[in-house]
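Scope of the values below: all heavy atoms of this structure, side chains included, with no hydrogens, waters or symmetry mates. Numbering of ligands and ligand atoms starts at 1, following listing order.
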Amino acid sequence: MFDRKHNCVVVVGAQWGDEGKGKLVDVLAEKTDLVVRYQGGANAGHTVVVGDRHFVLHQIPSGILHQEVRCIVGNGVVLDPETFFAELDQLGAQGIDISGRLLVSERAHLVLPYHQLLDQVSERTQQIGTTGRGIGPAYEDKIGRRGIRVADLCRADRARGLLTQGVARANALLEMLGAAERANLEEHLALGERLGARLAPITTDTGLVVHTALREGKRVLLEGAQGAMLDVDHGTYPFVTSSTTTASGAAVGAGIGPTEIDGVLGVVKAYTTRVGNGPLPTLAGGALEERLRQLGGEFGTTTGRPRRCGWFDAPVVRYSVRVNGLTGLAVTKLDVLDTFETIPVATGYRIEGGGTSEMPGDVELLERAVPIYEELKGWQRDITGARTLADLPPEARAYLDRLQDLAGAPIRYVSVGTRRDQIIET
Ligand code: IMP
């Protein structure tokens with residue numbers, strides 16, 4: 001994705017999240033100077049396998065595993081300071097030296113314990129199937145202009161006042177919602193004092209850092225979290241997360257202008273999964289779904305919940321190509337399909353008697369959509385050793401060709417396993 005004309009590339013999920021963005025970012029980071037997370041928060045879970053070591057990153061960009069790469073948590077992220085530092089310390093314990101390589105935007109908003117409490121209590125009636133990490137309530141406070149930002153936490157006096165107001169408001173809301181739980185002011189004040197002091201030395205105007213790096217001809221990778229179908233505008237609303245997960249959010253959340261971005265890589269699984277509530281038209285169901293789940297290890301990285309599994313949904317990916325402006329695709333987990341005799345691929349839907357290849361905006365229509373499947377021949381061979389397209393069986397190549405045609409964007413990478421070397425550049 002990077003060359004003389006492409007210095008700033010966005011990597012996004014093009015389905016419902018969990019497509020394997022962490023692995024792609026880890027591999028691309030080798031050619032990158034700066035990796036920036038630009039939205040979401042601790043709801044994300046990026047798994048990266050290096051040798052026999054597993055790293056699970058929730059808030060720190062996946063580029064951190066490369067010693068020469070600098071990383072940024074951008075202004076569009078909602079930062080949970082407690083789990084952020086726990087993650088940082090865990091990486092240190094695993095031998096990753098972070099000193100001087102990680103910066104946090106002074107403009108990023110905070111996720112506090114009262115946001116998590118509100119998220120969990122709201123779930124009792126709303127049933128979005130959130131991760132319970134406080135993401136929705138934190139973004140609500142941001143848009144409602146009552147959020148607390150990283151810069152605020154770094155100033156002890158201001159932080160005390162804002163935390164006191166935030167806890168009081170959260171408790172009023174909890175009472176209104178009929179919940180018995182209450183946020184504890186002392187706990188919040190102690191957290192503010194402890195973590196504000198830790199955040200201050202790594203906090204800056206990160207948009208300026210990204211802008212300067214690009215002016216100097218450095219390579220910048222903007223790392224998305226979740227996936228297009230969870231985007232607050234373009235996803236299966238209301239069963240979405242509370243941020244702009246599509247590439248358009250990358251400029252806003254990294255603090256640069258949209259004209260700085262040179263390319264957008266969309267990561268897709270060779271099939272489809274979803275965790276949390278909301279429609280999943282190509283759900284496999286029954287034994288086939290269980291087989292996909294077991295073979296793909298499809299359990300949530302953040303919550304451990306089993307993911308619903310189904311077949312590749314071309315209307316979803318084609319829509320994702322459109323709303324993200326994808327210039328390339330990375331197809332992950334192709335090896336999970338190794339044992340299937342035939343593999344269904346949805347080319348369109350039948351909705352209320354009519355056929356369509358487009359994604360309906362109305363989630364109730366999508367609930368009723370019946371996929372129109374095309375059966376592709378399986379390859380029934382182990383492909384985990386493939387390192388070039390030529391190493392793949394003809395049926396696997398035909399499968400990829402068909403996905404590419406249906407999606408309308410070129411496949412640039414194919415991954416056939418969790419290790420760094422199990423990736424094919426096309
Ligand atoms: P929230 O982001 O915790 O508010 O959850 C909203 C919806 O997004 C739920 O369906 C979650 O399961 C889903 N979600 C949030 N983060 C991720 C992710 O990283 N991968 C997959 N689904 C996610």
Side-chain angles (χ1 to χ4, degrees), residues 11-25 37-48 55-62 76-80 83 87 109 111-143 223-246 249 253 266-269 271-280 283 293 296-310 316 320 332-333 363 366-367:
V11 176
V12 288
Q15 294 158 319
W16 274 280
D18 308 316
E19 298 92 349
K21 293 174 293 293
K23 177 179 173 170
L24 257 296
V25 171
R37 256 294 293 275
Y38 60 82
Q39 46 72 228
N43 49 350
H46 294 161
T47 309
V48 183
F55 296 90
V56 178
L57 300 161
H58 296 284
Q59 298 189 88
I60 297 178
S62 309
V77 168
V78 283
L79 184 87
D80 176 338
T83 55
E87 198 172 318
H109 281 248
V111 181
L112 295 159
Y114 62 72
H115 291 122
Q116 290 174 27
L117 202 51
L118 283 167
D119 191 0
Q120 286 150 21
V121 168
S122 304
E123 265 300 282
R124 291 177 198 156
T125 49
Q126 267 195 303
Q127 300 195 341
I128 302 294
T130 72
T131 59
R133 296 295 187 270
I135 304 300
Y139 277 117
E140 278 175 43
D141 278 355
K142 172 177 176 172
I143 302 301
E223 176 182 4
Q226 291 86 42
M229 301 310 291
L230 292 171
D231 184 283
V232 69
D233 281 83
H234 302 296
T236 50
Y237 193 90
F239 301 103
V240 293
T241 189
S242 298
S243 65
T244 299
T245 60
T246 45
V267 187
V268 293
K269 266 180 200 165
Y271 49 101
T272 307
T273 64
R274 177 166 200 174
V275 62
N277 300 336
L280 179 62
L283 183 75
R293 186 178 297 121
E298 298 295 354
F299 298 89
T301 316
T302 301
T303 57
R305 293 178 289 177
R307 296 175 185 145
R308 285 179 282 157
C309 301
V316 162
S320 205
T332 61
K333 292 192 151 185
V363 79
L366 191 62
E367 290 275 13

R293: salt bridge (Lys or Arg N to Asp or Glu O under 4.0 Å) partners, not counting sequence neighbours: E289, E290

Considering the heavy atoms of G276, write down every atom of ligand 1 situated less than 4.0 Å from one of them. 10 (O), 12 (O)

Considering only non-hydrogen protein atoms, determine which one is nearest to atom 13 (C) of ligand 1 and report residue, atom name and distance to 0.1 Å. L230 CD1, 3.8 Å

Under 4.0 Å, counting heavy atoms only: does T302 come that close to any atom of ligand 1? no

Closest to atom 3 (O) of ligand 1 among protein heavy atoms sits T131 OG1, 2.6 Å

Atoms of ligand 1 less than 4.0 Å from G129 heavy atoms? 9 (C), 10 (O), 11 (C), 12 (O)

Is Y237 atom OH crowded by more than 12 heavy atoms from other residues, nucleotides or ligands, each under 6.0 Å away? no

Looking only at protein heavy atoms, which one is nearest to atom 5 (O) of ligand 1, and how far off is it? T130 CA, 3.3 Å

Using a plain distance cutoff, I'd like to know if T241 has any nitrogen or oxygen under 3.5 Å from a nitrogen or oxygen of ligand 1. yes

What protein heavy atom is closest to atom 21 (C) of ligand 1, reported as residue, atom name and distance in Å? D18 OD2, 3.1 Å

Please verify whether a non-hydrogen atom of A44 lies at under 4.0 Å from ligand 1. yes

Against ligand 1, does Q226 come closer than 4.0 Å with any heavy atom? yes

Ligand 1 versus R305: contacting region, heavy-atom distance under 4.0 Å: side chain

Just distances here: any N/O of D119 and N/O of ligand 1 closer than 3.5 Å? no

Check salt bridge (Lys or Arg N to Asp or Glu O under 4.0 Å) between E298 and all other residues, then give those that pass, not counting sequence neighbours. K269, R307, K333

Note: R133 and T302 closest approach over all heavy atoms is NH2-O, 2.9 Å

For ligand 1, which atoms have a heavy atom of W16 less than 4.0 angstrom away? 21 (C), 22 (N)

How far is atom 6 (C) of ligand 1 from its nearest protein heavy atom, and which residue and atom is that? V240 O, 3.3 Å

